[in-house]
Amino acid sequence: MSERMDSATEAFVTHRNLLFTVAYEMLGSAADAEDVLQETWLRWVDVDLDTVREQRAYLVRITTRQALTRLRTLGRRKESYVGPWLPEPLLTAPDVAEDIELADSVSMAMLLVLETLAPTERAVFVLREVFGLEYDEIAEAVDKTPAAVRQIAHRARAHVAARRPRGVVSPAETRDALEAFQRAIETGDLQGLLDMLAPDVVLLGDGGGVKQAVLQPIVGADRVARLLSVGLPKLVGTASVEPVQINGYPALIVRIDGEIDDVVAVRTDNGLITGLYIVRNPEKLSRVEQETAVTR
């Protein structure tokens with residue numbers, strides 16, 4: 001029995017970071033992804049390992065099923081959420097940024113695009129496009145036929161392609177945008193930041209009803225500029241800014257009196273800021289001081 005438990009534990013630990021990444025990409029919430037891993041483990045220890053042909057695929061299948069159940073519950077929770085809902089930011093290691101496809105898949109911008117997919121579409125897209133699973137493997141995980149999965153994958157790919165950043169997102173462009181944001185907070189000079197706002201820029205703030213944040217998306221360069229012109233000068237002299245890697249891309253942690261106040265991430269398209277994401281909900285800021293391992 002203990003030998004069987006050791007084998008189960010070893011397999012789970014070997015694939016844990018992968019399973020966390022699958023669950024996180026499906027849910028956008030590290031706390032919920034951890035709960036899914038707990039549920040996966042409880043089911044995994046009851047499996048007769050002699051019947052398992054490929055442990056990684058089997059574990060991914062359990063994780064996907066648990067994440068789908070959780071995703072539907074999360075959908076109901078989001079309906080009553082105060083203001084815009086943003087993914088839970090993760091402090092990630094530099095090697096995540098080096099894997100461009102992985103960084104793109106966990107980026108705040110992509111997770112927001114994935115939010116617009118139905119649960120099964122999201123699972124199929126993540127398993128196929130990010131983790132490269134075969135259609136028959138995905139079919140077992142989502143309880144569909146391989147032919148149906150192929151159609152869902154095609155539909156999800158087209159949906160994501162229409163909404164993802166245009167062209168390759170350059171970390172250098174992201175850094176330029178964040179340096180302008182940092183300069184605005186540290187010196188009160190907003191012009192460099194305002195010059196980088198795309199005409200159709202969208203600002204989303206997530207306070208979760210706990211911290212003050214915009215309750216609706218702010219759309220358009222003029223409206224975003226007005227909001228920033230009022231809010232950012234108040235931070236001069238009181239806030240400190242730390243450039244970090246969040247979800248595989250450059251981002252900022254803003255502290256006030258030494259305490260984390262918010263995380264700022266951006267989406268850039270062709271050198272201009274098209275998305276400005278500010279997470280202030282304290283419940284979502286527990287993963288930005290220690291690195292979280294994500295992998296595929």
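None of these values were measured; they are calculated from a predicted model. Scope of the values below: all heavy atoms of this structure, side chains included, with no hydrogens, waters or symmetry mates.
- The closest donor-acceptor contact from the side chain of Arg61 to the backbone of Glu140 lies at 3.5 Å or more, if one exists at all.
- Residues Ser105 and Glu129 have side chains that never bring a donor and an acceptor to within less than 3.5 angstrom of each other.
- Between the CD atom in Gln182 and the OG1 atom in Thr187 there is a gap of 10.0 Å [rounded to 0.5 Å].
- For the atom pair CG (Leu102) and CD1 (Ile100), the distance works out to 11.0 Å, reported to the nearest 0.5 Å.
- From Ile256, atom CD1 reaches atom CG of Asp261 across 4.0 Å, with rounding to the nearest 0.5 Å.
- Side chain to side chain, Asp269 and Thr274 meet the donor-acceptor criterion of an N or O pair below 3.5 Å.
- Within 6.0 Å of CD on Glu115 lie more than 12 heavy atoms contributed by other residues, nucleotides or ligands.
- Counting only distance, with no hydrogens or angles, the side chain of Glu39 and the backbone of Gln66 share no donor-acceptor pair below 3.5 Å.
- At a threshold of 4.5 Å between non-hydrogen side-chain atoms, the residues Glu54 and Leu59 do not count as touching.
- The hydrophobic clustering, which links ILVMFWY residues whose side-chain heavy atoms are closer than 4.5 Å, places Val254 and Val224 together.
- Between Leu252 and Val263 there is no side-chain heavy-atom pair separated by less than 4.5 Å.
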Subject >> Criterion side-chain contact (heavy atoms from CB on, under 4.5 Å) on Trp85 and Lys284, from CA distance to verdict >> reply: CA-CA 11 Å; Trp85 184 96; Lys284 292 188 177 182; 3.4 Å; yes

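- Panel note: side chain Thr73, backbone Thr69; a donor-acceptor pair is recorded below 3.5 Å.
- At least one side-chain heavy atom of Asp189 sits under 4.5 Å from a side-chain heavy atom of Gln191.
- Using a cutoff of 4.0 Å between basic side-chain nitrogens and carboxylate oxygens, Asp32 and Arg77 are scored as salt-bridged.
- Glu173 contributes a side-chain N or O that, together with a main-chain N or O of Gly271, makes up a donor-acceptor pair within less than 3.5 Å.
- Nearest heavy-atom pair across Asp206 and Pro84 is CG-O, 3.6 Å.
- Partner Arg296 forms a side chain to side chain donor-acceptor pair (under 3.5 Å) with one of Thr21, Asn17, Asp99 and no other, that one being Asp99.
- Residues Ile253 and Arg255 approach most closely at CG2-NH1, 3.8 Å, considering heavy atoms.
- The pair Arg287-Glu34 counts as a salt bridge, with a side-chain nitrogen and a carboxylate oxygen less than 4.0 angstrom apart.
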Original post:
Can Tyr277 and Val266 be said to form a side-chain contact (heavy atoms from CB on, under 4.5 Å), step by step?
Top reply: CA-CA 6 Å; Tyr277 313 125; Val266 296; 6.0 Å; no

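- The aromatic rings of Tyr24 and Phe20 sit parallel, their planes meeting at an angle under 30°, below the 60° perpendicular limit.
- You'll find the side chain of Asp222 stays beyond 4.5 Å of the side chain of Pro199, heavy atoms only.
- Note that the CD1 atom of Ile260 and the CG atom of Asp257 stand 13.5 Å from one another [nearest 0.5 Å].
- Two residues are said to be in side-chain contact when any heavy atoms from C-beta on lie closer than 4.5 Å; Ile185 and Val236 fail this criterion.
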Subject >> Test log, rule side-chain contact (heavy atoms from CB on, under 4.5 Å), inputs Val60 and Leu18 >> reply: CA-CA 8 Å; Val60 167; Leu18 167 78; 3.9 Å; yes

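- Hydrophobic clustering (side-chain heavy atoms under 4.5 Å, transitive across Ile, Leu, Val, Met, Phe, Trp, Tyr) keeps Val126 apart from Leu112.
- Cluster annotation: Val82 is not connected to Val279 through the hydrophobic network of ILVMFWY side chains, with a link wherever side-chain heavy atoms come within less than 4.5 Å.
- Sparse packing is recorded around CD of Glu10, with 12 or fewer heavy atoms of other residues, nucleotides or ligands lying under 6.0 Å away.
- Here the CG atom belonging to Leu90 is positioned 9.0 Å from the CE atom belonging to Met108, to the nearest 0.5 angstrom.
- With Gln245 contributing its side chain and Leu91 its backbone, the two residues share no donor-acceptor pair below 3.5 Å.
- In plain terms, the two heavy atoms of Ala93 and Glu291 that are nearest each other are CB-OE1, 3.3 Å.
- Salt bridge status for Arg65 with Asp143: present, with a side-chain N to carboxylate O gap under 4.0 Å.
- Atom CD of Glu259 has 12 or fewer neighbouring heavy atoms from other residues, nucleotides or ligands inside a 6.0 Å radius.
- Here the straight-line distance linking atom CG of Leu114 with atom CZ of Arg122 works out to 5.0 Å at 0.5 Å rounding.
- At least one donor-acceptor pair closer than 3.5 Å links the side chain of Arg280 to the backbone N or O of Gln212.
- Counting heavy atoms from C-beta outward, Leu203 and Pro217 have side chains that stay 4.5 Å or more apart.
- Residues Ser29 and Arg70 are not in side-chain contact: their nearest non-hydrogen atoms beyond the backbone lie 4.5 Å or more apart.
- Atom NZ of Lys144 is surrounded by 12 or fewer heavy atoms from other residues, nucleotides or ligands within 6.0 Å.
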**OP:** Give the C-alpha distance, both sets of side-chain angles, the deciding distance and a yes or no for salt bridge (charged side-chain N to carboxylate O under 4.0 Å, His left out) between Asp262 and Lys211.
**Re:** CA-CA 10 Å; Asp262 59 82; Lys211 286 284 198 86; over 6 Å; no

Original post:
Passes side-chain contact (heavy atoms from CB on, under 4.5 Å), Leu27 versus Leu74? Steps please.
Top reply: CA-CA 8 Å; Leu27 300 167; Leu74 204 52; 4.1 Å; yes

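- Considering His159, Arg157, Arg155 in turn, Arg155 is the only one that fulfils the side chain to side chain donor-acceptor pair (under 3.5 Å) rule with Glu121.
- Remark: the backbone N or O of Val22 is not paired with any side-chain donor or acceptor of Glu25 at under 3.5 angstrom.
- Under the 4.5 Å side-chain heavy-atom criterion for Ile, Leu, Val, Met, Phe, Trp and Tyr, Leu86 and Leu276 are members of distinct hydrophobic clusters.
- Between the side chains of Asn281 and Tyr81, a donor-acceptor pair is found at a separation under 3.5 Å.
- In terms of heavy-atom proximity, Leu68 sits nearest to Pro119 at CD2-O, 3.4 Å.
- Without hydrogens or angle criteria, Thr116 side chain to Val113 main chain gives a donor-acceptor distance under 3.5 Å.
- The nearest pair of heavy atoms linking Ala103 to Gly248 is CB-O, 3.8 Å.
- Within a 6.0 Å radius of NZ in Lys78, other residues, nucleotides and ligands contribute more than 12 heavy atoms.
- Inter-residue side-chain proximity for Thr64 and Met26 is flagged as met; some heavy-atom pair is nearer than 4.5 Å.
- Not less than 6.0 angstrom separates the ring centroid of Phe12 from the ring centroid of Trp44.
- Annotation for Leu49 and Ser7: closest pair CD1-CB, 3.7 Å, computed over non-hydrogen atoms.
- One hydrophobic cluster, built from ILVMFWY side chains closer than 4.5 Å, holds both Val264 and Val241.
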